[in-house]
Every structure is written in structure tokens, then in C-alpha cells.
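Below, chains carry the letters A, B, ... as their sequence lines are ordered, and counting in each starts from 1.
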There are 2 protein chains.
Amino acid sequence: MGIAERKIRQKEEFRASILEAAWLQVLTDGWQSLSIRKIADAIEYSIPVIYNHFENKEAILLEFTKEGFQKLADALLEVKNNYTEPSAQLEAMAHAYWDFAFEHKEYYQLMFGLGIPACEMVNQIAEMKHMTGIMITTIQEAIASSKDTETNYFLKYHTYLSILHGLVSIEMIQKVGKPDPEKKLILQDAISGFIKSLTIN
Amino acid sequence: MGIAERKIRQKEEFRASILEAAWLQVLTDGWQSLSIRKIADAIEYSIPVIYNHFENKEAILLEFTKEGFQKLADALLEVKNNYTEPSAQLEAMAHAYWDFAFEHKEYYQLMFGLGIPACEMVNQIAEMKHMTGIMITTIQEAIASSKDTETNYFLKYHTYLSILHGLVSIEMIQKVGKPDPEKKLILQDAISGFIKSLTIN
DNA sequence: TAATTTTAGTTAACAGTGTTAACAAAAGTA
DNA sequence: TACTTTTGTTAACACTGTTAACTAAAATTA
């Protein structure tokens with residue numbers, strides 16, 4: 001019975017082509033411009049077929065949100081493995097986070113801008129939990145090898161992520177499309193302060 | 001010639017009533033739900049009259065963005081004046097910033113979320129420059145009374161604002177409508193680290 | 001006061017958006 | 001071949017921001 005398998009495969013390909021067309025649209029004109037109709041146009045099908053593969057537009061966005069968090073998690077893990085000292089890992093991960101945000105601006109804006117509007121949804125995105133898990137683990141390792149091993153790791157993780165997201169989003173708001181390398185000084189400044197307070201205290 | 005004056009007054013009142021109706025709509029159903037039609041309905045006029053007072057919907061949003069930055073600036077100035085030490089001022093302002101964000105969630109989300117999409121616009125909002133000016137001045141005062149008076153104040157201002165915005169927006173994303181007072185620990189943690197690095201170095 | 005101009009406000013439409021019900025055509029099964 | 005299921009289409013609904021064309025009222029001028 002290869003027919004059923006072929007159908008599943010075709011369905012998967014169809015789904016992928018929808019996402020591909022959507023992503024192309026996003027890359028050329030941004031999230032705000034993405035519409036079901038444009039996707040339907042691009043794949044040369046009528047509008048309702050898209051609803052056979054995705055419950056609604058939000059489901060399509062959710063797919064990209066997951067993809068984004070997965071990519072970010074991968075990027076963090078990769079640089080983390082280049083270091084053994086937790087503090088060095090945190091610093092490298094901070095730079096990787098920054099680089100990801102500006103190299104994949106579209107992903108980042110969806111992940112932390114348009115997406116995640118509802119409250120319960122946050123914990124439903126496994127990919128996000130995965131990413132934050134990497135951060136939390138590293139924070140815990142840093143605390144474990146510090147003088148005060150009783151430091152609240154969750155508080156520190158929250159601080160770490162907040163600093164990173166704050167730096168990125170303020171930079172994204174102020175200047176669009178400027179890959180100002182000098183701005184990494186700000187990242188370096190903020191993150192080294194954080195790491196100091198984590199390792200010294 | 002009181003007629004012309006009365007007309008100007010009426011026009012101003014009309015404009016105010018549009019903003020009032022819009023704000024009511026935002027308070028009840030959020031920014032996403034705001035529409036020109038609903039405003040027109042609320043003030044019991046037809047749709048095009050709104051375009052006699054505002055160029056487009058964005059202009060209405062811009063009005064609230066300005067209002068928001070003005071309110072934030074006021075809040076910062078008020079708490080700043082309760083202290084003389086720049087470091088104490090920065091700490092108090094951080095708390096005021098946090099409080100403003102969650103007491104005026106609608107304003108904050110517009111100011112840093114929907115609004116300011118274009119690049120040039122940032123410097124066109126005088127109210128925003130005013131607010132950041134207050135922050136920058138205080139940072140400069142803190143640096144002036146520190147050991148290293150050569151510290152880059154603009155870098156430190158950027159870091160300060162980024163930490164605040166990061167904390168607020170991460171908190172806003174994760175939990176909607178939870179006034180968790182424990183979360184102020186994170187603010188305290190991050191901001192005291194920043195102030196330390198500002199005054200000690 | 002009467003005629004004219006200016007202003008204020010309306011209706012109706014255009015060009016979009018997400019979403020879905022009703023139907024036709026193709027594909028698979030008996 | 002006849003029947004059932006899947007697949008895809010057309011057409012519509014209920015919205016959105018925005019604007020052109022028109023009418024009624026107000027203010028100005030002769």
C-alpha cells in the first residue's frame with residue numbers, strides 16, 4: 001500500500017511549499033505584508049487549501065516561531081560547546097544571541113514581537129523551553145562554580161535573558177538595517193557586568 | 001470675531017472626543033481591536049470625519065505614543081527629584097519605569113511594540129527624546145560623581161534603557177495580567193548590578 | 001435680505017484582510 | 001462500473017483603512 005504513504009508525502013510537501021511561499025513573502029516584504037491570499041497566489045492554488053494544512057494564519061506563524069527558537073537553540077549550543085568555563089559560555093552565548101537576532105531579524109521579530117500574544121502559549125512552545133533550558137543550565141553551572149552557590153538561578157536566568165532581549169530590541173527599534181558593529185560594545189558592557197555579579201558574589 | 005475662536009475650540013473638542021473614544025476602545029479590547037469604524041460609531045459620526053482631524057490611523061496611534069512618553073517622562077522626573085544621589089535616582093527611576101509599564105500596559109505596548117516601526121520616526125518624537133534626555137542626564141551625573149569620569153555615558157544610557165525594557169518586555173510576554181510583586185527582585189538584581197558597575201569602575 | 005462661497009458631514013465605494021459554506025472534480029475503493 | 005472519499009474551487013461573509021462624490025448647513029459677500 002504505497003498509495004497512503006505517497007499521499008502523506010504529498011501532503012507534507014504541500015505543507016512545506018506553503019511555508020516556503022510564506023517565508024519568501026516575509027523575506028521580501030516583512031511580516032505585516034504576509035497574507036493567506038498571497039501565499040495561495042504563490043503556490044498557485046485557491047485560498048481554502050491552505051486551511052486544509054493549517055488551522056489558521058496564526059498556526060503558520062507559530063510554525064516559524066518554533067523554527068526560530070530551534071535555530072536560536074542550535075546557535076547557542078554550538079558556541080557553548082566551544083568553551084568549558086560557564087562564564088565564557090555565557091559570554092559567547094550572548095554574542096551568539098545578538099548575532100542570531102540581527103542575522104535572522106524576521107525570525108526574531110516574530111518570536112518576540114508578533115508571536116506569543118496569549119498567556120498560556122508560552123509554555124506550549126517546546127522549542128522555546130528547549131532554548132531557555134540551555135540558558136538556565138549554563139547559568140546553573142556558572143553558579144555552581146561560583147562562591148555563592150545559593151544564588152537564585154531562575155532570577156539570574158531571567159536577568160540574563162532580559163538584558164539580551166532588551167539590548168536587541170532597543171537596537172532594532174532605533175535603527176533599521178544598520179549592522180553597526182560598534183553597538184556590540186554595549187552588549188559586551190552589559191553582559192560582562194552581569195557575569196561579574198554572577199561569579200564574584 | 002468669536003466665531004473663528006469657537007470653531008477652533010469645537011474642532012479641538014472634536015479631536016479630543018475622537019481620542020477619548022479611541023482610548024476607551026483600547027482599554028476595553030486592546031490595540032489590535034481599535035478601528036476607525038468603532039471610533040466613528042462611538043462618537044456617532046460617519047467615518048470620514050475622523051480623517052478631517054487625523055491624517056490616518058497611524059496619526060492617532062502616534063498621539064498616544066507621545067502621550068505615553070510624556071507620562072513616562074513625568075513619572076521619572078517625579079521620583080528623581082526625591083533623591084540627590086544619582087545612583088539612588090537611577091534606582092528609583094528604574095522602579096518608576098517598571099511601575100509605569102505595568103500600570104499603563106496599553107501605553108507601553110504602543111510605545112515599544114506597535115509604534116515606531118519606521119526608522120526616522122524615532123527622532124521625530126520629541127516626547128521620547130525628552131524622556132531619554134532625563135535618563136541620559138542622570139547617567140551623566142552618576143558618571144561625573146564616580147571614579148572613572150571618562151565612562152561612555154551614551155553606552156551606559158543605552159545599557160540602562162535596554163535592561164529596563166528587556167525586563168519589562170520579557171515579563172509582559174510571559175505572563176499577562178499578573179502583577180507578581182516578586183518579579184521586582186529581578187529588576188532590583190539587574191539594576192543594582194548596573195549601578196555598581198557604573199559607580200565603582 | 002438674497003446670492004454665493006465655504007465648511008461639515010454623509011453615502012457609497014475601492015481594495016484589502018482572515019475565514020468558511022456550498023459545490024464540483026478528481027482519486028481511490030467495492 | 002458504481003459508490004465513496006478526498007481535494008480543490010467559487011463565492012460569499014464580516015471585517016479592515018481609506019477616499020471620491022455628493023448634500024446640507026453655515027458663514028460671507030453683494
Report the nucleotide, chosen from D/dG8, C/dT17, D/dG17, that has the shortest atom-to-atom distance to any side-chain atom of B/Ile36. D/dG17

Which whole-number value in Å describes the distance from A/Asn56 CG to C/dT17 P? 17 Å

Please confirm whether any donor atom in the side chain of A/Arg37 sits under 3.5 Å from an acceptor in the base of C/dG16, or the reverse. no

Just by distance, with hydrogens left out, do B/Tyr108 and B/His165 show a side-chain donor and acceptor under 3.5 Å apart? yes

With heavy atoms under 4.0 Å as the rule, sort A/Leu34 into base, sugar-phosphate or nothing. sugar-phosphate

For the residue pair A/Lys38 and A/Ser33, confirm or rule out a side-chain donor-acceptor distance under 3.5 Å. yes

Counting only side-chain heavy atoms from C-beta out, which of D/dT9, C/dG18, D/dT18 sits nearest to A/Lys57? C/dG18

Whole-Å distance, A/Ile47 CD1 to C/dT20 C1', equals 11 Å

When you match A/Glu55 and A/Lys38 each to their closest nucleotide on DNA chain C, which lands nearer the 5' end? A/Lys38

Do NZ/NE/NH1/NH2 and the carboxylate oxygens of B/Lys80 and B/Glu141 come within less than 4.0 Å? yes

Rounded to whole Å, the CZ-P distance (B/Phe54 to D/dT19) equals 16 Å

Which of these nucleotides, C/dG18, D/dG8, D/dA11, is closest to any side-chain atom of A/Asn52? D/dG8

note: A/Tyr51, atom OH; D/dT10, atom P; distance rounded to Å ~ 17 Å

Is the shortest side-chain N/O distance from B/Ser35 to OP1 or OP2 of D/dT16 below 4.0 Å? yes

Please tell me which of the listed nucleotides, D/dT7, C/dT11, D/dT18, lies nearest to the side chain of B/Ser46? C/dT11

Minimum heavy-atom distance B/Phe54-B/Ile60, with the two atoms named: CG-CG1, 3.6 Å

Whole angstrom is fine here: how far is it from CD in A/Gln10 over to P in C/dA26? 16 Å

Please determine whether a side-chain nitrogen of the Lys or Arg among A/Asp189 and A/Lys184 lies less than 4.0 Å from a carboxylate oxygen of the Asp or Glu. no

Check every strand shown and say whether B/Phe14 touches a base, only sugar-phosphate, or nothing at a heavy-atom separation below 4.0 Å. sugar-phosphate

Rounded distance in Å - NZ (A/Lys11) to P (D/dT6): 9 Å

Tell me the interatomic distance from B/Leu61, atom CG, to D/dT16, atom P, rounded to whole angstroms. 15 Å

What's the closest nucleotide to the side chain of A/Pro48 if the choices are C/dT17, D/dA11, D/dG17? D/dA11

In whole Å, what is the span from the OH atom of B/Tyr45 to the C1' atom of D/dA25? 12 Å

